[in-house]
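Read through the structure below, which is laid out as structure tokens, and then see the notes.
Chain identifiers are assigned alphabetically (A, B, ...) following the order of the sequence lines, protein sequences preceding nucleic acid strands; residue numbering begins at 1 within each chain.
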Amino acid sequence: MSQAVAVPEDMEQVYAYPRSLTQANSHYCPGCVHGIVHRLVAEVIDELGIREKTIGVAPVGCAVLVYNYINTDFVEAAHGRAPAMATGIKRVSPDKIVFTYQGDGDLAAIGTAEIIHAANRGERITTVFINNAIYGMTGGQMAPTTLEGMITTSTPGGRDHLLAGYPMRMSEILAQTAGAVYVAREAALDLAGIRRTKRAIKRAFLAQIHGLGFASVEVLATCPTNWGLDPWAAMQWAKENLGAFYPLDTFKITDEVKALPV
Amino acid sequence: MAKQLLKGNVAFAEAAVRFGLQAYFGYPITPQSEALEHLSGRMLREARVFLQAESEVAAINMVYGAACCGVRVMTSTSGPGFSLMAEGLSYIAGSEIPVVVVNMMRGGPGLGNIQPSQADYFFMTKSAGHGDFHPIVLAPASVQEIIDMMGLAFELAEKYRTLVLIAGDGSLGQMMESAELPPMQPLPALRPNWAVTGADGREPNVITSLYLVAEHLEEVNLRLQAKLADIRQHEVRFVEAQTADAELLLVAYGTSGRICTSVMRQARQKGIKVGLLRPQTLWPFPAQRIGELCEQVRGILVVEMSAGQMLEDVDHAAGGRVPIRFHGRMGGMIPMVDDVLADLQALATSLGLAP
Ligand SMILES: Cc1ncc(C[n+]2csc(CCOP(=O)(O)OP(=O)(O)O)c2C)c(N)n1
């Protein structure tokens, strides 16, 4: 725990921990994007004034301990099952704000059925989906989102679609479901992108607050450790390569969501 | 409330509603789909939650989520669906939240068939998922008992914050019997303080089964085991009939237990002094009582619709003190009274007890 510093009387505080973020030291690697997105979620929760009625659903993946950082009620789901758990929570607690925070293995491999059906039912939940194109927690194996040719610990010769299929564009798929009201992809890889990501996350929470339907934000991210790159190089690599295959776009937005002031 | 003719599956579903079920999540599978169908309309009319999930995997995780909110929630399934739920059951056990699951067992392994079976005994009592835990397992033998056990299941689940399974079989689910339903219970106004309800005026509640430090997880394991020891001590339930003068003992549960009541009656008419012990809890198992009866009876006949699963628990309880015979049917076949009686007579003869 770092200590909160008292602000001297003749100074103005311009930056602080969001209320919805704990001050626990993070376990993330240098250059990892999880910490950035945790903060964005916490800022959005603060700005919307919903901390006291928010319930998070943690994934299995590097963000498994997200409840140590985001300071709301939380449950820890089994790998990929967060959308099903969130469904159970939201259905019996319709007045609460329920969100899942999931990686690409969690959401796009083992939990594909759960996310697609939650979206298609139009569950009033918000999903934050971190796409780092790899399985971070288990040591860098191929994810469904791993790019062709990318070397991982389980694609030593690079991902070959003949052997391992093609990278999957999940947001484009989720946007096909009738129950989704907002599906966007952003990249938290530079300041402008981080700002855009926050706006998208806010919109996805607002869609839920207004009871409109399922909303998700995919965030292009890094995994410097498992990509074997330093943090800066990882950010640049992600922008060039992930950005090329995974276009940053809003794949679905209903008029009602569009009309919400963000 | 008056008695009425009720199908087992509808009876347990309706009983659950009356005992305060607040949410049901399920996936259709024979031979229990009538429960899901009944609840699909009933729950919505009561302004409660019903949802048909995309799989049993999703269903149990929806149940898990709702249970974390501190409401009465359940699902029901049969063998293949129960297999898919094992992951969720383990997480539920690990995070110590109350959940009730009904498994109307059918023939297996694999897709097997839709006829009655008791072949999920090991699975339900010994290893309903990875890691060290036991659910409480209740075994009804009639439509009335399924109704009564629904109430008991919720009570025990909440009292111990544990997983409670109801081990029925296809014939119990499908049979129609006259039974009495409980009156409608009011729903609780408040949710328990451990539930996730939003951290309003308190520290956040986190419900997890993750403990990365070995010492911490072992502490959790020890606490869980202490709770299970407590359950073992206080929650053993069984029905005993005609054991006072018994020289032989039938041990059977559920549908097999019912059949053995007829076997016992006919055997008594033939002068065979036989009693019956029908476990109502498969876990915790009435091992102690069976052990005591081994001081009195000369032999035991275990009857199951499986290759002999509860048999191992009876064997363990008996500790080699008396010979044990087994009568089992599989594949969806139900033991016939005459066949069991013949086995019982053979046991009596082998022990020199034949009249
Ligand atoms: C049922 C199950 N299978 C496998 C695992 C092992 N496992 C843990 S995390 C993970 C992948 C996580 O990758 P991702 O969702 O991309 O998240 P990241 O760690 O990259 O943030 C796997 C396979 C598990 N915990 N449970």
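Residues B:Leu51 and A:Thr87 form a side-chain contact, since some pair of their non-hydrogen atoms from C-beta on lies under 4.5 Å apart. Inter-residue side-chain proximity for A:His117 and B:Ser55 is flagged as unmet; no heavy-atom pair is nearer than 4.5 Å. Inter-residue side-chain proximity for B:Met62 and A:Arg91 is flagged as unmet; no heavy-atom pair is nearer than 4.5 Å. When side chains are defined from C-beta on, A:Val64 counts as touching B:Leu210, because their heavy atoms get closer than 4.5 Å. Side-chain contact between A:Tyr67 and B:Thr208: present, with at least one pair of heavy atoms (C-beta onward) separated by less than 4.5 Å. Side-chain contact check for A:Glu76 versus B:Cys68: every heavy-atom pair is 4.5 Å or farther apart. Residues B:Val196 and A:Thr72 are not in side-chain contact: their nearest non-hydrogen atoms beyond the backbone lie 4.5 Å or more apart.
A pairwise comparison of heavy atoms in A:Ile55 and B:Gly198 identifies CG1-N, 4.1 Å as the closest pair. Closest heavy-atom contact between B:Ala58 and A:Glu114: N-OE2, 4.1 Å.
For B:Phe19, the CZ atom sits in a packed shell: over 12 heavy atoms of surrounding residues, nucleotides or ligands are nearer than 6.0 Å. For A:Ile110, the CD1 atom sits in a packed shell: over 12 heavy atoms of surrounding residues, nucleotides or ligands are nearer than 6.0 Å.
Only the side chain of B:Leu212 comes within less than 4.5 Å of a heavy atom of chain A; its backbone N, CA, C and O stay farther away. With a 4.5 angstrom heavy-atom cutoff, B:Val71 touches chain A only via side-chain atoms. Proximity to chain B (any heavy atom under 4.5 Å) is restricted, for A:Thr54, to the backbone atoms N, CA, C and O. Contact of A:Ala86 with chain B is not made at all, since no heavy-atom distance falls under 4.5 Å. The parts of B:Tyr64 that come within reach of chain A are both its backbone and its side chain, each placing non-hydrogen atoms under 4.5 angstrom from that chain. In this structure, chain B has no heavy atom under 4.5 Å from any part of A:Ile97. Of the two parts of B:Ala59, neither the backbone nor the side chain holds a non-hydrogen atom closer than 4.5 Å to a non-hydrogen atom of chain A.
The side chain to side chain contact (heavy atoms under 4.5 Å, CB included) with A:Val92 is formed by just one residue from the set B:Gln22, B:Arg191, B:Arg48; it is B:Arg191.
Contact tally against chain A (heavy-atom pairs below 4.5 Å) for B:Ala199, B:Cys69, B:Gly201, B:Ser95: the top residue is B:Ala199. Among A:Lys53, A:Glu52, A:His79, A:Arg121, the residue making the largest number of heavy-atom pairs under 4.5 Å with chain B is A:Glu52.
Checked for salt-bridge contact, B:Asp200 and A:Lys96 miss the test: no charged N lies under 4.0 Å from a carboxylate O.
Of the possible donor and acceptor atoms, one in the side chain of A:Asp73 sits under 3.5 Å from a partner among the backbone N and O of B:Asn205.
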